[in-house]
There are 2 protein chains.
Amino acid sequence: MARYSKQREVIENILHSTTAHPSAAEVYAKAKEVIPNISLGTVYRNLDSLSHDGEAQSFTVGDIAHFDGNIAPHPHFFCTKCGRVKDLECDMDKLLSLMTGLDGCEVDSETVLLGGLCSECV
Amino acid sequence: MARYSKQREVIENILHSTTAHPSAAEVYAKAKEVIPNISLGTVYRNLDSLSHDGEAQSFTVGDIAHFDGNIAPHPHFFCTKCGRVKDLECDMDKLLSLMTGLDGCEVDSETVLLGGLCSECV
DNA sequence: ATTATAAATAGTAATCATTCCTATTTAAGT
DNA sequence: ACTTAAATAGGAATGATTACTATTTATAAT
């Protein structure tokens with residue numbers, strides 16, 4: 001019981017209505033606009049469970065986890081100057097096929113993260 | 001003055017004599033075998049400066065930074081069961097050429113990290 | 001060799017993202 | 001309405017990393 005909380009719904013909406021790859025703190029700030037007393041722990045717990053349920057993916061930039069409502073595996077680019085994280089596009093199967101050393105392994109997560117200066121910051 | 005410390009040399013040797021991608025804590029443990037009173041801060045500082053000087057690269061698995069004495073860009077695979085991190089091989093230029101969305105960007109770091117079960121743990 | 005000095009270290013305290021804990025609240029089934 | 005399992009709020013704890021400072025060390029000039 002008590003499975004569909006308003007908090008989870010709000011967090012899910014935030015993730016699905018942005019392409020900005022927010023951190024937990026940023027999701028928390030946005031969620032507070034709707035639920036002023038939502039707690040940070042709730043944000044973390046729901047971001048985790050959304051990721052586990054396949055409704056989001058996460059990746060770490062520096063020390064900070066970022067969340068993406070788009071679950072299709074794709075590479076990301078982060079700008080070391082402005083901090084923005086952008087989506088890249090890529091045929092991930094083709095990408096995997098370029099690699100050797102995976103014999104006998106079972107791959108179930110793929111993180112591709114490029115860093116540098118974005119077109120606005122070059 | 002005081003630029004070539006024994007500590008830095010030991011840490012550099014540890015990185016260059018393993019393919020195990022140790023964390024800072026693991027480097028610290030190994031360095032202690034040679035310099036028992038070396039401090040963890042010194043390990044972090046030297047790992048950082050080695051990375052900045054292009055003598056090592058680092059990447060984050062979970063929450064933990066791992067260090068690699070091999071500075072050539074290459075993908076890594078970590079096993080979610082045993083925790084091992086393995087090197088993969090890949091033509092990184094070809095990998096980059098698969099991507100779109102980088103127009104106008106200046107790429108200066110490339111992290112490719114696959115996760116799953118390694119051949120020993122499958 | 002001795003000395004002067006800037007850089008590096010050891011040890012410890014502080015930081016900060018994330019996780020854990022618990023009393024309270026909430027949603028769903030009866 | 002009542003029961004109960006799941007979720008929350010708020011705050012405390014964790015743990016990797018960084019910052020701080022007094023002390024030590026390596027280099028270069030005397």
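Throughout, a chain's letter reflects where its sequence line sits, starting with A, and its residues are numbered from 1.
dT23(D) atom P lies 16 Å from atom CG of Asn37(B), rounded to whole Å. In this structure, the CD1 atom of Ile11(A) is 13 Å from the P atom of dA7(D), given to the nearest Å. We find that CZ of Arg8(A) is positioned 13 Å from P of dA28(C), with the value rounded to whole Å. The nearest whole Å value for the distance from the CD atom in Glu26(B) to the C1' atom in dG15(D) is 15 Å. The separation between Leu47(A) atom CG and dA7(D) atom P is 15 Å, rounded to whole Å. If you take NZ of Lys6(A) and C1' of dA6(D), they are 19 Å apart, rounded to a whole angstrom. Atom P of nucleotide dC16(C) and atom CG of Leu40(A) are separated by 14 Å, given to the nearest angstrom. Whole-Å rounding puts the Glu9(B) CD to dT25(D) P distance at 16 Å.
Using a 4.0 Å heavy-atom criterion, one finds that Ile38(B) contacts the sugar-phosphate atoms exclusively. Residue-level contact check: Ala65(A) touches the backbone only, with heavy atoms under 4.0 Å from sugar-phosphate atoms and none from bases.
The side chain of Asp48(B) has dT18(D) as its nearest neighbour among dA28(C), dT18(C), dT18(D). In this structure, of dT17(D), dT27(D), dA28(C), it is dT27(D) that holds the atom nearest to the side chain of Tyr4(B).
Nearest-nucleotide mapping onto DNA chain C: of Gly41(B) and Asp63(B), the residue sitting toward the 5' end is Gly41(B).
A single hydrophobic cluster is not seen to contain both Leu113(A) and Leu95(B); linkage of ILVMFWY side chains at heavy-atom distances under 4.5 Å, directly or through other members, places them apart.
OP1 or OP2 of dT17(D) sits under 4.0 Å from a side-chain N or O of Tyr44(B). Put simply, Ser5(B) has no side-chain N or O that comes within less than 4.0 Å of OP1 or OP2 on dA8(C). A sub-4.0 Å separation between OP1 or OP2 of dT25(D) and a side-chain N or O of Gln7(B) is absent. For the OP1/OP2 pair of dA10(C) and a distance below 4.0 Å, the side-chain nitrogens and oxygens of Thr42(B) include at least one atom meeting the criterion.
Clustering of Ile, Leu, Val, Met, Phe, Trp and Tyr by side-chain heavy atoms under 4.5 Å joins Leu117(A) with Val122(A).
Listed by chain and residue number, nothing satisfies the salt bridge (Lys or Arg N to Asp or Glu O under 4.0 Å) test with Lys30(B) (two or more places apart in sequence, or in another chain).
Judged by distance alone, the side chain of Thr42(A) and the main-chain N or O of Ile38(A) form no donor-acceptor pair under 3.5 Å. Using modelled atom types, no side-chain atom of His16(A) and backbone atom of Ile14(A) make a donor-acceptor pair closer than 3.5 Å.
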